[in-house]
Each structure stands twice: as structure tokens, then as C-alpha cells.
Protein chains: 2
Amino acid sequence: MPKADAVNPRTTPALRRKPDLALVEPSLPLEQTAPKATEEIYKSVRDRIRWTLLKRISEGVYRPGERLKELKLAQEFHVSQAPVREAFRELETLGVLISEHYRGTRVREISNRETQEAYHLRGYLEEIAAQLIPLERLQDEIANIEALQETMRGAALSGDMDGFARANVQFHRTIVSLAPNQMLLKVWESLEIGMRSQLTLQKKLSTMHLLAELHQPIVDSLKLQDLKQTGVLLREHSFSFLKEWT
Amino acid sequence: MPKADAVNPRTTPALRRKPDLALVEPSLPLEQTAPKATEEIYKSVRDRIRWTLLKRISEGVYRPGERLKELKLAQEFHVSQAPVREAFRELETLGVLISEHYRGTRVREISNRETQEAYHLRGYLEEIAAQLIPLERLQDEIANIEALQETMRGAALSGDMDGFARANVQFHRTIVSLAPNQMLLKVWESLEIGMRSQLTLQKKLSTMHLLAELHQPIVDSLKLQDLKQTGVLLREHSFSFLKEWT
DNA sequence: GAGGCCGGAATTATCGATAATTTACTTTTA
DNA sequence: TAAAAGTAAATTATCGATAATTCCGGCCTC
């Protein structure tokens, strides 16, 4: 039992101002593939801040290595330091930020080596995933996957890099999500987050067309329900993508 | 530049009391496979709290589903709420805790299904790792691996469950760490953390002996430098372990 | 006596201040 | 004049309070 020191602590009726957050809200157009029931994310100031920071990082607003100052952000968002710090801690654990004791926190710089390793590993994960997909589930989703491939082609033609990137992620993510192992998806996503901040930097139009076509064999072999082969293709796909810009 | 409002903020010479933390320190006998340069961990109150909480969870002091109250812990540690909350956020992102808005945070209950998935995936990861090991590195470490196998046998004989568990983790961890892909190790470790809290619950003496012997074929095939075969064994090893207690 | 409506107690979320530490700059000293 | 030593400013880490929300139990209503 907690000790009953002092008088009664909280007895105020619930009826006050809503927190301001003027500067958080506007920067949250809640577009993007809403990760959860959208409300969930907006419940706490901390969540909104985390979301906003992550968005800015993945958009390249904050560059790798850039220092993020707690009070500066707190001011910008019209909040106090605490929720900013808590958001920092979450993003730090996610591997997006890095902070040193009394020395501030900055956007983590992902080394070339690390990126390569991530792609490498991601390839293997996708291979495993593909091989585990139950054929029933595959049939239900194959149309969606093909549609995403078309979206990529379209985006490549119209030069819509952002749309391309989104469809690309979705393509792979969908395949992984079909495997009956949610842990696998979680791990895959954790790799994805790390790569996203890098991604903004090196997307070229020329590679976009190439990439779009590289997905075709994968779709084909999925349609043939040859999961073994699909797995191999996915693994090699990651590797080739890796070689593109190293 | 930040706005120079009010008077100068901080001008006090650094010379005050060190934080108390009476109740944190004693609960940190800093045993265990010290994760980093031990000092690193002790730098901030938050880190010590996180460490302590994680330890207690993995030791089963806090059970899955148990509610952890911020102020109660803060009192126990003689600190304020803030660092406790920050530690919570880190552990939450790690997947060890789970918290609901205004409803408190509790030790995350890992479902049977999730545990199975984790073991499943871990098996695959170890297979990949084994296949990537450069033979030179293997030669340097094979003696250590064999020693860990001996440690397991010894622990099984003397009924030292804790020692057994540690050697077991180290055995697998060492193998994974030999692969030239640190990301792989990181992912493997993230799975390990999740499983640790469960592990305390279901370790039986009988299975200990069995498990010790199950590692022998792995050691053998490593000594033969047959990485392909080692990988397969590791994968199957995880699967069999999984079947033991489902 | 089942459901709805307070009122208070407990707890989380956030705030505004203070302490501790680093950093950059100035001054001193040899 | 270069190293050392001090000093102020900037920033992080932690604290102690307050606001917001949930939870529980009694009381009323029908």
C-alpha cells in the first residue's frame, strides 16, 4: 500500500483546457498508411510528438547526425520537456535516435555497412516469409500484390518517387505479412524503419523504372504458387538492390 | 538562437549531493553478463532503473500481467516519476512492458503463440547465421563454444538452472555473433529479451539434461566446419525445443 | 434490484522549476 | 604564446507539483 502522507492528493473535477499543441497538429496531416486506429496515435502528446519526429526524420527534414534539442522542440510544440524526452526514449530504443549522457540526442547515422547488413538480412527474412505462406492466404491477396506492382509502374512513369517508395514498401510488407508468423513481420518492420531515413537520400528516377521491373518475376512466381522460388527471388532482389548503390 | 528571456538560467557551480538511489544500488549487484562497459549503464538514474526493472522481470519478480505503478517505484528508488516513466517507455518499445493511456503499464504477457513464433524465427535466424560464418572466425571460437557446451553439461548435473540458462543463451549467442552481420545479432537479441521473461517459468530439471545433449550434434558439425549442416541442426533444434512444452 | 449518476480516491500525463554537466570562451600563467 | 584554469552560457537530467483521467462504491431512480 502507498503511504497516506499529506492530505488527499487529487480531488479536482475534470474540466480544463485542452492542451494547445498548435504546432503539433498542423504538422500531422495524418496521411500516410495510418499505422493503427488513427485515434490511438493521437491520444497523448508524447505519441503525437513521436509520430511527428519520426515523420520528419523519414522525410529528411532532420538529417542523420543532426542534433535535436529538447527545449527547442518543446517550445515549438508548445509543450514541456517531459513528453519530448519520452518520445526521444522511444525513438532511441527503436534505433532512430541516439543520445549520449548530458550530450544531447541526434538522428542516428546509419553507416553504409549497416544498411547493407539490413538489406541482406531483410532478403533472408522475406525468403523465409515467402516459404511459410499458406496457399489459401496467398490466393486471397495475390490480386492486391499485383495491384501494388502496377502502382509502382505507374509511379515510376509519372516520376512520383514518394508514391513509388510507399508502394514498394507495401509490396514487400504484404508478402511478409502473409506468413503465419507475426514476429517475423515485426522484425521486418523494425529493419524497415531504420532504412527509411536513409531512403530519402538516394532515390533516383532511373533506378525507379528498373526496380519496378525487378518485381515482375516475383509476382509471376507467386502467381504460380511456387513459394520456394519466390523466396529465392526475394532474397536475390534485396541483394541486387543492395549492389545498386554501394 | 534561443531567445534570451528572463535572467541567466544556470550559473551554479557543479558541487551538490549525489542522488540517493539507496534502493536502486543495492538491487544492482552488477553480476550478470555485464552488457556494456559497466559504467555506461550506471551513468543515469533512468538507465539504472531500466536495468533493475528488466532484471526483476527476467527473474520473475514481476510476473507477466503485473501492474507497475510509477510513483510506487519512484518512491522505492528514491527518485521522481520522470526517470521511471522514461525507463518505462524504453522497456515498452522493447516489448517488455505494455501500457495503456491513463490506465497504467504492466509486464507484457507473452502468449504461447508468440513464444512459438519467436522460437521458430530464432531457429531460422540461427540457420542463416551459421551459414554466413567465415571459417577463420569459426576456428578462433570453436573452443569457446565447446566450453559452453561443457558448462551446460556441468550445470545440468549439479542442477544449476540459472547457470544452465546463461550458458545456453551464450552458446547460441556466440554462434550468431560469428556471422558477419551485426544486424542479425541485434535482431536475435531482441527476440531473446522477449523470451527471457517467460523462461523463468518453465525450466525443469529433466529437460535440462536432454537439452544439454541436444547441443552435441551442433558442436560436432561445427568442428567439421559443415556450416550448412550446422544451420539445419540449429533450426531443428529450436523447433524441437519448441515442441517440448507447448 | 439493475442501471444510471455523482463524488472521491488513486494513478497517469504534463508542467514549470532546479540541479548537474558539458562546451565554448576568456583570462591567467609560465 | 601555448597550456592551464577559470567562468558563463547552453543544455540535459531530475524534481516536485498540478491537471486529466479512470476506477470504485454509494446513492438514487424506476
Side-chain angles (χ1 to χ4, degrees), chain A residues 1-21 24 39-50 66-90 92 97-106, chain B residues 1-21 24 39-50 66-90 92 97-106:
Chain A
M1 294 292 162
K3 38 201 65 171
D5 54 16
V7 283
N8 65 335
R10 303 290 101 45
T11 321
T12 46
L15 187 63
R16 309 281 163 79
R17 61 118 219 281
K18 280 279 176 183
D20 185 346
L21 286 179
V24 178
E39 30 162 313
E40 282 290 302
I41 297 294
Y42 288 95
K43 265 194 195 157
S44 67
V45 172
R46 159 172 51 93
D47 284 341
R48 276 176 287 192
I49 292 175
R50 172 167 45 67
E66 181 168 346
R67 171 103 172 258
L68 300 183
K69 295 181 185 174
E70 301 177 352
L71 286 172
K72 184 160 169 290
L73 284 169
Q75 281 190 317
E76 180 189 343
F77 296 149
H78 298 310
V79 300
S80 74
Q81 204 183 352
V84 175
R85 277 180 67 88
E86 289 187 25
F88 274 18
R89 298 292 83 82
E90 299 184 312
E92 191 186 357
L97 298 181
I98 188 166
S99 69
E100 294 174 286
H101 195 53
Y102 274 112
R103 292 196 171 166
T105 102
R106 40 190 78 244
Chain B
M1 292 294 163
K3 39 200 65 168
D5 54 18
V7 283
N8 65 336
R10 301 292 102 41
T11 321
T12 46
L15 188 65
R16 308 281 164 79
R17 62 116 217 285
K18 279 279 175 184
D20 186 345
L21 287 179
V24 178
E39 30 164 312
E40 281 293 302
I41 297 295
Y42 288 97
K43 264 195 196 158
S44 68
V45 172
R46 159 173 50 95
D47 284 342
R48 275 176 289 193
I49 292 175
R50 172 168 43 68
E66 181 169 346
R67 170 102 173 260
L68 300 183
K69 296 182 184 173
E70 301 177 353
L71 286 172
K72 184 159 170 291
L73 285 169
Q75 281 191 317
E76 181 189 343
F77 295 149
H78 297 309
V79 300
S80 75
Q81 204 183 352
V84 175
R85 276 180 68 87
E86 290 187 26
F88 274 18
R89 296 293 83 82
E90 298 185 312
E92 192 186 356
L97 298 180
I98 188 167
S99 71
E100 294 174 286
H101 196 53
Y102 274 114
R103 289 195 174 169
T105 102
R106 40 189 76 244

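To find a chain, count down the sequence lines: A is the first, B the second, and so on, and within it residues start at 1. Everything numeric here is computed off the predicted structure, so don't read it as measured data.
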Nearest non-hydrogen partners of B:Arg48 and B:Lys43, listed with the distance: NH2-O, 4.4 Å
Mind checking whether B:Ile49 and B:Leu73 have side chains closer than 4.5 Å, heavy atoms only? no
B:His101 atom NE2 is separated from D:dC23 atom C1', nearest whole Å, by 16 Å
Taking for A:Arg46 and for A:Gln81 the nucleotide of DNA chain C with the nearest heavy atom, the one nearer the 5' end belongs to A:Arg46
The nucleotide from D:dC15, C:dT21, C:dA13 with an atom nearest the side chain of B:Ala82 is D:dC15
Length of the line joining A:Ile49:CD1 and C:dA13:C1', which is rounded to integer Å: 12 Å
So, is A:Arg85 close to the D:dA13 phosphate, meaning a side-chain N or O under 4.0 Å from OP1 or OP2? yes
Measure CD/B:Gln75 against C1'/C:dA10 and give the value in whole Å, please. 13 Å
Just how far, in rounded Å, is P of D:dA19 from NZ of A:Lys43? 23 Å
The side chain of A:Glu70 lies closest to which of these nucleotides: C:dC15, D:dA13, C:dT12? D:dA13
Could you state the atom-to-atom distance from CG of A:Leu71 to P of D:dA9 in whole Å? 17 Å
Start at the 5' end of DNA chain D and walk down; is the nucleotide closest to A:Tyr102 or to B:Tyr102 reached first? A:Tyr102
Could you state the atom-to-atom distance from CD of B:Glu86 to P of D:dT14 in whole Å? 7 Å
From C:dT11, D:dT14, D:dT11, pick the nucleotide closest to the side chain of B:Lys69? C:dT11
B:Arg50 vs B:Asp47 side-chain heavy atoms within contact, under 4.5 Å: yes
Student check: side-chain heavy atoms of B:Arg46 and B:Glu90 closer than 4.5 Å: yes
To the nearest angstrom, how far is A:Arg48 atom CZ from C:dT14 atom P? 8 Å
Using a cut-off of less than 4.0 Å, is there contact between a side-chain N or O of A:Arg103 and OP1 or OP2 of C:dT23? yes
Specify the separation, in whole Å, of atom NE2 of A:His78 and atom C1' of C:dT14. 16 Å
Selection from C:dT12, D:dA13, D:dG16 that lies nearest to any side-chain heavy atom of B:Ser80: D:dG16
Do A:Thr105 and A:Arg89 make a side-chain contact, defined as non-hydrogen atoms from C-beta onward lying under 4.5 Å apart? yes
